[in-house]
Amino acid sequence: MTATQVGASWRRTHNCGELREDHDGAQVTLNGWVQQRRNLGGIYFIDLRDRYGVTQIVLPEDLEAEVKLAREDCIAVTGVVAKREAPNDRMPTGQIELRAATVEKLSTSKTPPFEIEEKLDTAVELRLQYRYLDLRRPDMQRGLMHRSRFIGAMRNAFLKREFAEVETPILTKATPEGARDYLVPSRVHPGEFYALPQSPQIFKQLLMVAGMDRYFQVARCFRDEDLRADRQPEFTQLDMEMSFVEEEDIFAAWEGVLSETFRDSMGAEIPTPFPRLSWREAMERFGSDKPDMRYGMELIDAGPWVPHSGFGVFQSIVEGGGRVMGLCVKGGSEGISRGNIKKLEEVVKTYGAKGMAWWKPGLEGGAAGSIVKFCQGDSGAKLMEVMGAEEGDLCVFVADEEPVCWKALGALRTYVARTLEMIPSVDGADQGGSGPWNFLWVTDFPMFEWDAEPADGGKPRYVSQHHPFTAPDDWELAGDPAKMGSRAYDLVLNGWELGSGSIRIHRQDTQAKVFDLLGLGKEEIEMKFGFLLEALSYGPPPHGGFAIGLDRIVALTLGMESIRDVVAFPKTTAAADLMCHAPSTVDPHQMKDLFIQHADLPRPKEDGSKS
RNA sequence: GGGGAUGUAGCUCAAUUGGUUAGAGUGCCGGCCUGUCACGCCGGAGGUUGCGGGUUCAAGUCCCGUCAUCCUCGCCA
C-alpha cells in the first residue's frame, strides 16, 4: 500500500500533541516528521513532531531496519498507545508512547541544512533561504499561530461593532508625496502604470462618502523605501474608518477593540482608556513622538541655569534661539565610565547634535565633566536644582536648535535606558501575556512641516506632517501654516509607533486650500485628486479613522524585536526574497508586452553570489 | 546615498605577532548497544577561509575593491 492510494490507512486518527494516559491501550495512527532518533540496539525511539506537539514512538529494531528512518522524513505510524516505563514530565505527552506496529514513509527528507529545533542559532540568510524548514520550528509556528489568533480576534471585535470588512484595489493609482510607490506597468494602456497602495487611505474615505459608515480591512500595504527591523516593503495593517465621529469616538472604538483582542487572543487585560499626550509634550518630555513611558529619565530644560553658568557657548546658543536641554541619569556617575560617555557623544552626533556636554556633580570636590569649570559654587548648586541631580548622578546636555535637542536626547534616553537595563522585560503571549503593555495616544500633531530639500528636487515647500487629507484644527486654515495644528494622532505601545490616523477633511473648500498650501498646481490637483474633490462635493459625512501595523503589534505581543519573525515569508534589508530569488529579471518578450525597456543599468553583479 | 558589524566544514564557532598538515562541538555516514528522551561508546568522511585583486619568502590573518546578511542615519505623508 502506498501513501497516494485513495482510502489508504495512513491517515492520522490523532495529532502528535494530544495523546494522554487515558488513551492507554488505544489503537491509533499518527502522521508527522521525524524529529529525533535514539537507537539503543534492539529498541528504537523516535520523536514524532507536528504542529500540535511531539509524541514518542517506540519500535523494534527490525521494523526500523525495514523502513530506515532519517530526520525530517514524513511518516505515518500505526500502533497501540501505552504508558511509558520511564515517563518524561517535561513533555505534555510524556506519560505515554506509541508502540509502532507499522511505519509508512509518506515522503523522505534530505539531511536538512540546519536542525529543526526550537533553540535557534542559524544565520538569518540560511533561515530565509529555507524558510519552509525554518517555519517547521515550534517557536516559529507558535508565532504564526499567535498572529492568526490575534488577527482573528481583532476581526471579530470589529465585526461585533458593526464594522464591515471591505476590500480595496491592489492595482491602483500613484499618489504624490509620502513613500516611493511600487509601480506595475499596464499592458492594455501602453506607457501607463498602476501603483500598489501605500495604504487604502483614499478608498476608505470614499467608502465613507458612499455611506458605509464603519469600514475595516486587513490590508496589505506597499512602500518602496529602505528597510529596518520593524519595516518590510509590504506589510499588513488593520485599517479602519468611521463616519460622524471625532477623535474620542475613534479612541474609544480602538480601546474597546484592542482590550477585547488582547483578552481573546492571549488572555491579557489591558487598562483603558489609554493615556493621552500631546505631540508637543511628548517631544518636550521624551524627545520622541513615540515615547516609551515604562521608565522615567525625562528630558530636562536646562535653560533656567544658563544665565547663571557663565558658559558662553550655551549662552550664545540660547540667544540665537536655540535651547539647552539635558538628561539626569540617576546613579550614572558609577554606571557610566569615561569610555561610555564617548559612546553617548557618538549617539547624539548621529542625530545631528554638534556635541554633548556632561557633568558628574560632586559637592565635596568630586565633580567632573566637560563643563565642570562652569559648575562651581552657586552655579553648580543651581544646576543640580534645575536638573534634579544629586551626587552620584550623571548629567548630559545638548545645546542646539529645539528639534535637534529633542531628537538627540530622545535617542540618548533610549540608548542609556537600554545600556543600564532600565527597560522592563515583557511577558509576551508565550509567557502569560502580562506585558507590561504601555499604550499611549499621541495627539495634536503639527499640520505641516517645512521641507527645505524635497526628494523630487523641487522647490522648498510645506509638506503634510501626516497626510494631505488630515483635518486642520481650523477648517478655514487661517494663520501661519508652520504653527497650525492638525487632528492627527498616533498610537504608541512600549515605545513603538503602532499606528496613526486622523479626522479627515470632509469639506471640499478646506481640502482645496490644503492642496494649495502644499504647493500643488490646479492641473496637478485635478489630475491626481480630481476624483476625491469631486466626491467631496456630494455630501461627504464628517469622518475619521486609524490603521494599526499588525506585524508590529504581533511581534510586540510576542516580546520580539523584529517583525520578520512574524511574517511567514519576509524580505531582507535589501528587499530581496532569498527563497524564490525575487526580484528577478524577466523575459524580454514580457517587457515588450508591457512597452518597457531598460534604461542604463548599473554594472551587473560579477561575484559568485547566488542571486 | 552615508556609517557600523559579520562572512572559516552541512550548522554554530576557534585558529597567538603573518609561519608546519586550518581545529572543536554538533549534524552526516559506518559499527556496537533493549528504556532512551541533548541516549551512550568506537571509527570515518567532510574546507574555493564569501568573491576578485594586491603586499610578502609565506595571507584565514595585512591592504584595496566587490557581494551578501544584520544594525543604523537619511528616507519611511
Side-chain angles (χ1 to χ4, degrees), chain A residues 35-47 54-62 70-72 82 84-91 93-94 97 99 110-130 133 175-181 198-199 201-202 221-233 235 346-347 349-352 407-408 411 415 445-449 451 453-455 462-470 486 488 497 500-502 514 518 549 561-562 564 571-574 576 578 603-611:
Chain A
Q35 164 87 24
Q36 170 90 284
R37 300 161 295 165
R38 292 179 293 277
N39 183 358
L40 276 74
I43 188 167
Y44 193 96
F45 297 95
I46 56 179
D47 294 336
V54 174
T55 300
Q56 174 165 286
I57 314 291
V58 194
L59 53 162
E61 200 182 17
D62 49 350
R71 273 187 184 224
E72 298 309 319
R84 291 202 201 178
E85 286 175 26
N88 183 342
D89 293 329
R90 293 186 306 271
M91 292 172 73
T93 63
E97 64 197 4
R99 303 216 167 129
K110 293 198 284 186
T111 301
F114 49 84
E115 285 136 73
I116 314 298
E117 286 173 347
E118 173 133 6
K119 70 163 184 63
L120 165 85
D121 205 5
T122 302
V124 194
E125 213 170 335
L126 203 69
R127 292 175 56 198
L128 290 180
Q129 189 186 341
Y130 295 94
L133 295 180
T175 53
E177 299 193 274
R180 229 172 268 119
D181 287 311
Q198 296 178 27
S199 80
Q201 181 60 36
I202 292 179
C221 306
F222 306 86
R223 295 177 190 177
D224 187 5
E225 294 292 345
D226 287 350
L227 275 51
R228 290 283 192 284
D230 62 352
R231 276 176 6 203
Q232 283 275 302
F235 60 98
E346 285 167 27
V347 172
K349 282 182 175 168
T350 310
Y351 291 85
K407 213 171 178 187
Y415 177 83
F445 279 78
M447 184 76 183
F448 301 108
E449 254 173 348
D451 187 355
E453 288 173 21
Y462 283 110
V463 293
S464 294
Q465 223 263 357
H466 185 53
H467 59 55
F469 319 112
T470 302
S486 80
E497 184 195 318
S500 57
S502 63
V514 168
L518 293 172
E561 306 251 307
S562 168
R564 267 187 286 267
K571 294 184 175 57
T572 67
T573 30
L578 297 181
R603 210 161 49 81
K605 296 167 184 173
E606 285 171 357
D607 71 316
S609 75
K610 294 170 202 123
S611 58

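Note: hydrogens, waters and symmetry copies are ignored here, and every other heavy atom, side chains too, is used. By convention in this document, chain letters (A, B, ...) are assigned in the order of the sequence lines, proteins followed by strands, and residues within each chain are numbered from 1.
Residue-to-nucleotide contacts include no donor-acceptor pair under 3.5 Å from the side chain of A:Glu117 to the base of B:G27. The base of B:C76 lies close enough to the side chain of A:Arg231 for a donor and an acceptor atom to sit less than 3.5 Å apart.
Residues satisfying the side chain to side chain donor-acceptor pair (under 3.5 Å) test with A:Tyr351, not counting sequence neighbours, are none. The side-chain contact (heavy atoms from CB on, under 4.5 Å) test applied to A:Ser500 returns A:His466, A:Asp490, A:Glu497, not counting sequence neighbours. Residues passing the side chain to side chain donor-acceptor pair (under 3.5 Å) test with A:Arg99, sequence neighbours excluded: A:Glu97. Under the side-chain contact (heavy atoms from CB on, under 4.5 Å) criterion, A:Gln35 pairs with A:Asp47, A:Arg49, A:Glu117, not counting sequence neighbours. Every side-chain contact (heavy atoms from CB on, under 4.5 Å) that A:Val124 has, sequence neighbours left out, goes to A:Leu128. For A:Glu61, there are no salt bridge (charged side-chain N to carboxylate O under 4.0 Å, His left out) partners two or more places apart in sequence or in a different chain. By the ring-ring contact (aromatic ring centres under 6.0 Å, His included) test, A:Phe45 pairs with no residue at all, sequence neighbours left out. Applying the side chain to side chain donor-acceptor pair (under 3.5 Å) test to A:Lys571 and every residue at least two apart in sequence or in another chain returns A:Glu234. Partners of A:Glu118 according to the side chain to side chain donor-acceptor pair (under 3.5 Å) rule, which considers only residues two or more places apart in sequence or in another chain, are A:Arg142.
For the pair A:Phe45 CZ and B:G35 C1', the interatomic distance rounds to 4 Å; values are reported in whole Å. Distance A:Leu128 CG to B:C70 P: 7 Å, rounded to the nearest Å. To the nearest angstrom, C1' of B:G4 lies 13 Å from CZ of A:Arg228. Rounded to whole Å, atom P of B:U36 lies 18 Å from atom CD1 of A:Ile46. Counting to the nearest Å, the C1' atom of B:U69 and the CD atom of A:Gln129 are 12 Å from each other. At whole-Å resolution of the value, CD in A:Glu125 and C1' in B:A5 are 14 Å apart. When the P atom of B:G4 is taken as reference, atom NZ of A:Lys349 falls 15 Å away, rounded to whole Å. Straight-line distance from the CZ atom of A:Arg99 to the C1' atom of B:U34: 12 Å, rounded to whole Å.
No donor-acceptor distance shorter than 3.5 angstrom exists from the side chain of A:Glu72 to the backbone of A:Lys110, with no hydrogens or angles considered. For A:Gln465 (side chain) and A:Phe445 (main-chain N/O), no donor-acceptor pair under 3.5 Å exists by modelled atom type.
In this model, the phosphate group of B:C73 is approached by a side-chain N or O of A:Tyr351 to a distance below 4.0 Å at OP1 or OP2. Considering only side-chain N and O atoms, A:Thr572 lies under 4.0 angstrom from the phosphate OP1 or OP2 of B:U69. Contact annotation: A:Lys407 side-chain N/O to B:G74 OP1/OP2 distance is under 4.0 Å.
Closest approach to the A:Thr350 side chain among B:C75, B:U72, B:G35 is made by B:U72 (side chain taken as heavy atoms from C-beta onward).
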**Message:** Does the protein touch nucleotides 37-44 of chain B at the base, only the backbone, or not at all? Give it as B, S and - per nucleotide, heavy atoms under 4.0 Å.
**Reply:** BSB-----

Short N/O separations, protein against nucleotides 11-15 of chain B, under 3.5 angstrom:
| from | atom 1 | to | atom 2 | distance (Å) |
| --- | --- | --- | --- | --- |
| B:C11 | O4' | A:Pro113 | O | 3.4 |
| B:U12 | OP1 | A:Ala123 | N | 2.7 |
| B:U12 | O2' | A:Asp121 | OD2 | 3.2 |

Show me the protein contacts with nucleotides 22-25 of chain B, counting only N or O atoms at under 3.5 Å.
none

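Taking atom C1' in both B:G23 and B:G47, one finds a spacing of 12 Å when rounded to whole Å.
Taking the six-membered ring where tryptophan is involved, the planes of A:Phe448 and A:Tyr462 are tilted, since the angle between them lies from 30° to 60°.
Residue A:Arg127 is classed as having no contact, given no heavy-atom separation below 4.0 Å to the nucleic acid.
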